[in-house]
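Here is the structure we will look at, set down as C-alpha coordinates.
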Amino acid sequence: MPAPTRLVVLVSGSGTNLQALLDACADEAYGAQVVAVGADREGIEGLTRADTAGVPTFTAKVKDYSSREHWDRALADKVAAFEPDVVVLAGFMKLVGAAFLDTFGGRTVNTHPALSPSFPGMHGPREALEYGVKVTGATLFIVDAGVDTGAIVAQTAVEVRDEDTEQALHDRIKVAERSMLVDAIGRMAREGFSVEGRRVRFGG
Ligand code: GAR
(Lines give C-alpha, C1' and ligand atoms only; values in the text may rest on other atoms or scores of the structure.)
Protein backbone atom coordinates (compact mmCIF):
# COMPACT_ATOMS: atom_id res chain seq x y z
CA MET A 1 0.00 0.00 0.00
CA PRO A 2 1.44 3.47 -0.87
CA ALA A 3 2.41 5.81 1.99
CA PRO A 4 -0.62 7.70 3.32
CA THR A 5 -1.11 11.29 2.19
CA ARG A 6 0.10 13.58 4.96
CA LEU A 7 -2.52 16.10 6.12
CA VAL A 8 -2.02 19.14 8.33
CA VAL A 9 -5.42 20.42 9.48
CA LEU A 10 -5.93 24.02 10.69
CA VAL A 11 -8.85 24.80 13.00
CA SER A 12 -10.29 27.71 15.02
CA GLY A 13 -13.25 26.15 16.83
CA SER A 14 -15.14 23.02 17.65
CA GLY A 15 -13.33 20.86 15.11
CA THR A 16 -16.14 18.52 14.10
CA ASN A 17 -14.79 18.46 10.54
CA LEU A 18 -11.35 17.64 11.95
CA GLN A 19 -12.93 14.82 14.00
CA ALA A 20 -14.54 13.37 10.88
CA LEU A 21 -11.12 13.31 9.20
CA LEU A 22 -9.44 11.79 12.27
CA ASP A 23 -12.10 9.06 12.34
CA ALA A 24 -11.71 8.36 8.61
CA CYS A 25 -7.91 8.22 8.90
CA ALA A 26 -8.18 5.52 11.57
CA ASP A 27 -8.82 3.13 8.65
CA GLU A 28 -5.57 2.55 6.79
CA ALA A 29 -7.50 2.02 3.55
CA TYR A 30 -8.61 5.67 3.66
CA GLY A 31 -5.16 6.62 2.37
CA ALA A 32 -4.45 9.69 4.50
CA GLN A 33 -3.08 10.51 7.92
CA VAL A 34 -3.47 13.69 10.02
CA VAL A 35 0.16 14.42 10.96
CA ALA A 36 -0.54 17.66 12.86
CA VAL A 37 -3.31 20.08 13.83
CA GLY A 38 -2.68 23.83 14.02
CA ALA A 39 -4.80 26.68 15.35
CA ASP A 40 -4.81 30.46 15.54
CA ARG A 41 -5.95 30.38 19.18
CA GLU A 42 -5.64 28.26 22.30
CA GLY A 43 -8.22 26.44 24.39
CA ILE A 44 -10.45 25.28 21.56
CA GLU A 45 -12.15 21.92 21.23
CA GLY A 46 -10.38 21.27 17.94
CA LEU A 47 -7.00 21.12 19.72
CA THR A 48 -8.43 18.84 22.42
CA ARG A 49 -9.68 16.49 19.71
CA ALA A 50 -6.17 16.31 18.27
CA ASP A 51 -4.65 15.67 21.70
CA THR A 52 -7.14 12.87 22.32
CA ALA A 53 -6.20 11.30 19.00
CA GLY A 54 -2.49 11.58 19.85
CA VAL A 55 -1.83 14.01 17.00
CA PRO A 56 0.75 16.81 17.56
CA THR A 57 -0.60 20.36 17.75
CA PHE A 58 0.74 23.89 17.35
CA THR A 59 -0.68 27.40 17.53
CA ALA A 60 0.17 30.63 15.74
CA LYS A 61 -1.72 33.64 17.14
CA VAL A 62 -1.79 36.81 15.08
CA LYS A 63 -1.24 38.99 18.14
CA ASP A 64 2.07 37.28 18.90
CA TYR A 65 3.58 38.67 15.68
CA SER A 66 4.48 42.20 14.67
CA SER A 67 2.42 42.08 11.47
CA ARG A 68 -0.06 39.92 9.64
CA GLU A 69 2.72 39.07 7.15
CA HIS A 70 5.02 37.81 9.92
CA TRP A 71 2.18 35.70 11.30
CA ASP A 72 1.53 34.27 7.85
CA ARG A 73 5.22 33.37 7.39
CA ALA A 74 5.38 31.80 10.85
CA LEU A 75 2.22 29.80 10.21
CA ALA A 76 3.68 28.52 6.92
CA ASP A 77 6.90 27.52 8.70
CA LYS A 78 5.04 25.69 11.47
CA VAL A 79 2.94 23.80 8.92
CA ALA A 80 6.01 23.04 6.76
CA ALA A 81 7.76 21.39 9.73
CA PHE A 82 5.25 18.53 9.41
CA GLU A 83 5.86 18.10 5.66
CA PRO A 84 2.22 17.86 4.59
CA ASP A 85 1.12 16.80 1.13
CA VAL A 86 -2.20 18.62 1.61
CA VAL A 87 -3.25 21.32 4.11
CA VAL A 88 -6.91 21.31 5.17
CA LEU A 89 -8.51 24.47 6.60
CA ALA A 90 -11.43 23.04 8.58
CA GLY A 91 -13.22 25.92 10.27
CA PHE A 92 -10.03 28.02 10.24
CA MET A 93 -11.28 31.59 10.63
CA LYS A 94 -8.25 33.41 9.20
CA LEU A 95 -7.24 34.15 5.64
CA VAL A 96 -3.83 32.78 4.79
CA GLY A 97 -1.56 35.16 2.89
CA ALA A 98 1.08 35.30 0.18
CA ALA A 99 3.89 33.54 2.08
CA PHE A 100 1.60 30.67 3.02
CA LEU A 101 0.33 30.31 -0.54
CA ASP A 102 3.89 30.48 -1.96
CA THR A 103 4.57 27.25 -0.11
CA PHE A 104 1.20 25.54 -0.04
CA GLY A 105 -0.74 27.05 -2.95
CA GLY A 106 -2.53 24.45 -5.07
CA ARG A 107 -2.57 21.95 -2.20
CA THR A 108 -4.45 23.84 0.51
CA VAL A 109 -8.20 23.26 0.67
CA ASN A 110 -10.85 25.04 2.71
CA THR A 111 -14.38 24.04 3.54
CA HIS A 112 -17.06 26.73 3.43
CA PRO A 113 -20.69 26.46 4.61
CA ALA A 114 -22.39 27.71 1.43
CA LEU A 115 -22.62 26.80 -2.23
CA SER A 116 -19.90 28.92 -3.86
CA PRO A 117 -19.91 31.36 -5.50
CA SER A 118 -22.86 32.37 -3.27
CA PHE A 119 -22.34 33.83 0.21
CA PRO A 120 -18.55 33.98 0.66
CA GLY A 121 -17.11 35.08 4.01
CA MET A 122 -17.86 34.39 7.63
CA HIS A 123 -21.68 34.14 7.61
CA GLY A 124 -22.66 31.71 4.87
CA PRO A 125 -25.65 30.13 6.63
CA ARG A 126 -27.03 33.49 7.91
CA GLU A 127 -26.76 35.13 4.49
CA ALA A 128 -28.39 32.14 2.76
CA LEU A 129 -31.35 32.44 5.17
CA GLU A 130 -31.57 36.22 4.75
CA TYR A 131 -31.47 35.94 0.96
CA GLY A 132 -34.21 33.32 1.03
CA VAL A 133 -32.54 30.65 -1.07
CA LYS A 134 -34.25 27.26 -0.90
CA VAL A 135 -31.06 25.26 -1.33
CA THR A 136 -27.64 25.95 0.15
CA GLY A 137 -24.82 23.64 1.21
CA ALA A 138 -21.08 23.40 1.55
CA THR A 139 -18.11 23.78 -0.78
CA LEU A 140 -14.58 22.41 -0.62
CA PHE A 141 -12.19 24.54 -2.67
CA ILE A 142 -8.50 25.07 -3.39
CA VAL A 143 -7.46 28.16 -1.44
CA ASP A 144 -6.36 31.15 -3.49
CA ALA A 145 -5.74 34.81 -2.58
CA GLY A 146 -9.47 35.65 -2.52
CA VAL A 147 -12.18 35.07 0.06
CA ASP A 148 -13.74 31.67 -0.70
CA THR A 149 -13.06 32.15 -4.42
CA GLY A 150 -10.80 29.19 -5.22
CA ALA A 151 -11.40 26.37 -7.68
CA ILE A 152 -14.09 23.99 -6.46
CA VAL A 153 -13.16 20.44 -5.44
CA ALA A 154 -16.58 19.28 -4.18
CA GLN A 155 -20.00 20.60 -3.20
CA THR A 156 -22.99 19.23 -1.35
CA ALA A 157 -26.51 20.63 -1.32
CA VAL A 158 -28.75 21.12 1.72
CA GLU A 159 -32.41 22.14 1.62
CA VAL A 160 -33.40 25.28 3.54
CA ARG A 161 -36.52 24.72 5.68
CA ASP A 162 -39.14 27.34 6.52
CA GLU A 163 -38.52 26.93 10.24
CA ASP A 164 -34.72 27.14 10.00
CA THR A 165 -32.69 29.35 12.31
CA GLU A 166 -29.10 30.18 11.42
CA GLN A 167 -27.91 27.57 13.95
CA ALA A 168 -30.28 24.83 12.78
CA LEU A 169 -29.33 25.41 9.15
CA HIS A 170 -25.60 25.50 9.92
CA ASP A 171 -25.87 22.32 11.98
CA ARG A 172 -27.56 20.53 9.06
CA ILE A 173 -24.99 21.92 6.61
CA LYS A 174 -22.21 20.62 8.85
CA VAL A 175 -23.56 17.06 8.71
CA ALA A 176 -23.42 17.14 4.90
CA GLU A 177 -20.15 19.07 4.94
CA ARG A 178 -18.36 16.42 7.00
CA SER A 179 -19.34 13.64 4.56
CA MET A 180 -18.29 15.76 1.61
CA LEU A 181 -14.95 16.60 3.22
CA VAL A 182 -14.15 13.00 4.16
CA ASP A 183 -15.15 11.73 0.72
CA ALA A 184 -13.20 14.40 -1.22
CA ILE A 185 -10.03 14.29 0.90
CA GLY A 186 -10.02 10.50 0.63
CA ARG A 187 -10.28 10.71 -3.15
CA MET A 188 -7.53 13.34 -3.32
CA ALA A 189 -5.33 11.04 -1.23
CA ARG A 190 -6.03 7.79 -3.06
CA GLU A 191 -6.53 9.02 -6.63
CA GLY A 192 -4.55 12.26 -6.72
CA PHE A 193 -6.01 15.41 -8.25
CA SER A 194 -5.27 18.07 -10.83
CA VAL A 195 -6.18 21.74 -11.04
CA GLU A 196 -6.53 23.29 -14.48
CA GLY A 197 -7.85 26.83 -14.33
CA ARG A 198 -11.03 26.55 -12.31
CA ARG A 199 -11.51 22.84 -13.00
CA VAL A 200 -10.42 20.38 -10.34
CA ARG A 201 -10.41 16.71 -11.22
CA PHE A 202 -9.66 13.62 -9.20
CA GLY A 203 -7.16 11.20 -10.71
CA GLY A 204 -3.50 11.42 -11.70
C1 GAR B 1 -17.76 24.71 9.27
O2 GAR B 1 -19.11 24.78 8.90
C3 GAR B 1 -16.90 25.43 8.25
O4 GAR B 1 -17.39 25.35 6.94
C5 GAR B 1 -16.99 26.84 8.74
O6 GAR B 1 -16.89 26.73 10.12
C7 GAR B 1 -17.46 25.49 10.54
C8 GAR B 1 -16.45 24.80 11.42
O9 GAR B 1 -17.01 23.77 12.13
N10 GAR B 1 -15.96 27.64 8.16
C11 GAR B 1 -16.11 28.90 7.80
O12 GAR B 1 -17.13 29.53 7.93
C13 GAR B 1 -14.85 29.52 7.21
N14 GAR B 1 -15.16 30.77 6.60
P15 GAR B 1 -16.10 22.75 12.95
O16 GAR B 1 -15.10 23.58 13.76
O17 GAR B 1 -17.06 22.02 13.84
O18 GAR B 1 -15.42 21.84 11.97
Side-chain angles (χ1 to χ4, degrees), residues 7-25 32 34 36-53 55 57-62 68 72 75 79 86-97 100-101 104 108-131 133 135-160 164-186 188:
L7 308 176
V8 169
V9 182
L10 300 183
V11 296
S12 298
S14 63
T16 63
N17 282 285
L18 164 67
Q19 188 66 56
L21 285 174
L22 289 168
D23 293 348
C25 289
V34 179
V37 172
D40 63 329
R41 61 198 77 186
E42 279 158 6
I44 55 169
E45 208 183 335
L47 290 174
T48 308
R49 291 176 189 276
D51 286 340
T52 303
V55 172
T57 63
F58 60 89
T59 54
K61 293 184 267 182
V62 172
R68 190 77 183 203
D72 187 57
L75 179 69
V79 171
V86 174
V87 181
V88 182
L89 311 189
F92 189 60
M93 295 302 182
K94 293 277 185 305
L95 295 176
V96 295
F100 191 95
L101 291 176
F104 297 111
T108 298
V109 293
N110 189 10
T111 176
H112 176 62
L115 284 179
S116 298
S118 294
F119 315 122
M122 302 288 282
H123 305 292
R126 183 191 309 171
E127 287 173 14
L129 266 186
E130 283 171 359
Y131 197 91
V133 294
V135 176
T136 183
T139 301
L140 185 71
F141 62 93
I142 307 279
V143 175
D144 66 8
V147 178
D148 302 326
T149 50
I152 293 168
V153 179
Q155 291 187 300
T156 185
V158 172
E159 190 188 353
V160 180
D164 266 338
T165 59
E166 179 183 356
Q167 188 64 50
L169 178 59
H170 196 177
D171 286 348
R172 229 165 47 256
I173 289 172
K174 284 177 67 168
V175 173
E177 183 177 30
R178 290 192 285 268
S179 312
M180 172 195 71
L181 180 69
V182 166
D183 178 66
I185 296 291
M188 289 169 79

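Quick note: residue numbers are just sequence positions, from 1. What you are looking at is a predicted structure, and each value in this text was computed from that prediction instead of being measured. In each ligand, atom 1 is the first atom listed, and ligand 1 is the first ligand listed.
Distance check: Asn17 CG to Phe92 CZ gives 14.5 Å after rounding to the nearest 0.5 Å. For the atom pair Met188 CE and Leu140 CG, the distance stands at 6.5 Å (nearest 0.5 Å). Rounding to the nearest 0.5 angstrom, the gap separating the CG atom in Leu22 from the OG1 atom in Thr16 is 11.5 Å. Separating the CD atom in Glu166 from the CD atom in Glu130 is a distance of 8.0 Å, to the nearest 0.5 Å.
Under the side chain to side chain contact (heavy atoms under 4.5 Å, CB included) rule, Val11 has a single partner from Thr57, Leu18, Asp40, which is Leu18. Partner of Ile185 under the side chain to side chain contact (heavy atoms under 4.5 Å, CB included) criterion, chosen from Asp183, Val182, Leu181: Leu181.
Residues passing the ring pair (Phe, Tyr, Trp, His ring centres under 6.0 Å) test with Phe100, sequence neighbours excluded: Phe104.
From the protein, the heavy atom lying nearest to atom 8 (C) of ligand 1 is Gly91 CA, 3.6 Å. Looking at atom 7 (C) of ligand 1, its nearest protein heavy atom turns out to be His170 NE2, 3.9 Å. In this structure, the protein non-hydrogen atom closest to atom 6 (O) of ligand 1 is Met93 CE, 3.4 Å.
Taking a cut-off of under 4.0 Å to the non-hydrogen atoms of Asn17, the atoms of ligand 1 that pass are 1 (C), 9 (O), 15 (P), 18 (O). Under a 4.0 Å criterion applied to the non-hydrogen atoms of Ser14, ligand 1 contributes the atoms 15 (P), 16 (O), 17 (O). Ligand 1 places these atoms under 4.0 Å from at least one heavy atom of Lys174: 2 (O), 9 (O), 15 (P), 17 (O). Counting atoms of ligand 1 from 1 in the listed order, those under 4.0 Å from a heavy atom of His112 are 4 (O).
The residue among Gly124, Pro113, Pro125 with a heavy atom at the shortest distance from atom 12 (O) of ligand 1 is Pro113.
Some N or O of Glu177 is nearer than 3.5 Å to an N or O of ligand 1, by distance alone.
For Thr111, the heavy-atom gap to ligand 1 drops under 4.0 angstrom. In this structure, Gly121 is part of the shell of residues with a heavy atom less than 4.0 angstrom from ligand 1. Heavy atoms of Glu45 come nearer than 4.0 angstrom to ligand 1 in no pair at all. For the pair Gly15 and ligand 1, a heavy-atom separation below 4.0 Å is found.
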Given Lys94 and Arg68, is the side-chain contact (heavy atoms from CB on, under 4.5 Å) satisfied, shown in steps? CA-CA 10 Å; Lys94 293 277 185 305; Arg68 190 77 183 203; 3.5 Å; yes

Please list, one pair per line, the donor and acceptor atoms closer than 3.5 Å that link side chains of residues 110-122 to other protein atoms, with sequence neighbours excluded.
from, atom 1, to, atom 2, distance (Å)
Thr111, OG1, Glu177, OE2, 2.6
His112, ND1, Asp148, OD2, 3.3
His112, NE2, Phe119, O, 2.8

